[in-house]
Amino acid sequence: METADEFLLKEYESAQKLTYHVDDMRSKLTQFFITLGGVALAAISLLTKKDMDPVLFGVPWWGVASFTVLGCAVLGVLFVLIIAKLRRIQIEHFHITNNIREYFLERHENSDKVLGIVMLSKETIPKPTRSSGSYYWVLLIIVLTSILFAIATFLLSANLAAIEPSKYSSFALSIIVFAVSIFFLDLLYIKNAVFSRKVK
C-alpha cells in the first residue's frame with residue numbers, strides 16, 4: 001500500500017472518531033445546561049414561595065433572581081453557538097470520510113456496484129435542517145434559554161415599572177421575548193452549523 005493511501009486510511013479513522021466524539025460532547029453540554037437551567041428555575045420557585053425582602057447586600061430577591069436567570073440565559077446563547085460550531089465540524093468530517101471512501105471505492109473494478117452497496121455519497125451527507133434529530137437536540141437548549149429570558153423579562157418588568165404594572169402586560173412582554181429569543185437562537189444555530197467548502 002502506498003504511503004498516501006496509508007495516510008488517507010489514518011485520516012479516515014481519525015475523522016470517524018471525531019464525529020463520535022462530537023456527539024458525546026454535545027450530549028454532555030446539553031445535559032449540563034438542562035441541569036443548570038433546572039437548578040435556576042428551582043431556586044426561583046423557592047424564592048417566590050418565601051416572603052423575602054433583601055437577600056443579598058440589601059438587593060431585593062427579584063433583583064437577584066432576575067440577573068441570575070439572565071446570566072443562565074446568556075450562557076444558553078453561548079451553548080447554542082458552541083453546539084452549532086461542533087455540528088459544523090462534524091459535517092466537515094463527514095465530507096472528509098466520504099471523499100476518502102469514494103477515493104478508494106472508485107478504484108474498485110466494480111465501483112458502481114460497490115458504491116451502491118455502501119449507499120453513502122455526497123448526497124447523503126447530513127445538512128443542518130429543522131427536521132433533523134440534531135436540531136431537536138439543540139432545540140431543548142433553545143426553548144429552555146428562551147424560557148429563562150422570558151422569566152427574567154417578567155421579573156424585571158413587573159418590579160421596575162414606575163407605576164404598578166398589570167401582570168397581564170408583563171406576561172405579554174415575556175411571551176414576546178420568548179418568541180423573539182427562539183427566532184434568533186434558531187437563526188444563530190442554523191447559520192453557524194452550516195458547512196461550506198472554501199474554494200481557493
Donor on one side chain, acceptor on other, Ser27 and Gln31, under 3.5 Å | yes

From [atom1] ([X]) to [atom2] ([Y]), nearest 0.5 Å:
| X | Y | atom1 | atom2 | value |
| --- | --- | --- | --- | --- |
| Leu78 | Thr145 | CG | OG1 | 9.5 Å |
| His21 | Asp24 | NE2 | CG | 7.0 Å |
| Phe154 | Ser169 | CZ | OG | 10.5 Å |
| Leu18 | Gln90 | CG | CD | 8.0 Å |
| Arg130 | Asp186 | CZ | CG | 4.0 Å |
| Phe171 | Ile175 | CZ | CD1 | 4.0 Å |

Which heavy atom of [X] sits nearest to which heavy atom of [Y], and what is that distance?
| X | Y | value |
| --- | --- | --- |
| Leu185 | Val80 | O-CG1, 3.9 Å |
| Ile34 | Leu140 | CD1-CD1, 4.2 Å |
| Asp23 | Trp137 | O-CH2, 3.8 Å |
| Ala193 | Pro128 | O-CG, 3.3 Å |
| Tyr136 | Ser131 | OH-CA, 3.8 Å |
| Leu75 | Phe33 | C-CE1, 4.2 Å |

Quick one, [X] and [Y] - any side-chain contact, counting heavy atoms below 4.5 Å?
| X | Y | answer |
| --- | --- | --- |
| Phe79 | Phe32 | yes |
| Leu148 | Leu41 | yes |
| Tyr189 | Tyr135 | yes |
| Thr129 | Ile190 | no |
| Gln16 | Glu13 | no |

Show your working on side-chain contact (heavy atoms from CB on, under 4.5 Å) between Lys127 and Val194 and close with a plain yes or no.
-> CA-CA 7 Å; Lys127 298 177 179 64; Val194 172; over 6 Å; no

side-chain contact (heavy atoms from CB on, under 4.5 Å) assessment of Arg26 paired with Ser134 = CA-CA 9 Å; Arg26 188 170 50 184; Ser134 296; 3.4 Å; yes

Identified side chain to side chain contact (heavy atoms under 4.5 Å, CB included) partner of Ile83 from the options Val138, Ile142, Asn192 =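 Checked Val138, Ile142, Asn192 against Ile83; only one passes side chain to side chain contact (heavy atoms under 4.5 Å, CB included): Val138.
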
Under 3.5 Å donor-acceptor, Asn99 side chain and His95 backbone =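 Looks like yes, one N/O pair under 3.5 Å.
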
Starting from the C-alpha separation in whole Å, work towards a yes-or-no answer on side-chain contact (heavy atoms from CB on, under 4.5 Å) for Met25 and Leu86.
-> CA-CA 9 Å; Met25 286 184 61; Leu86 287 174; 4.2 Å; yes

Return the set of residues passing side-chain hydrogen bond (donor to acceptor under 3.5 Å, both in side chains) with Ser181 (not counting sequence neighbours), or none when no residue passes.
-> Ser146

Going by chain and number, the hydrophobic cluster around Ile176 (ILVMFWY, side chain to side chain under 4.5 Å) further includes Val180, Phe183, Phe184, Leu187

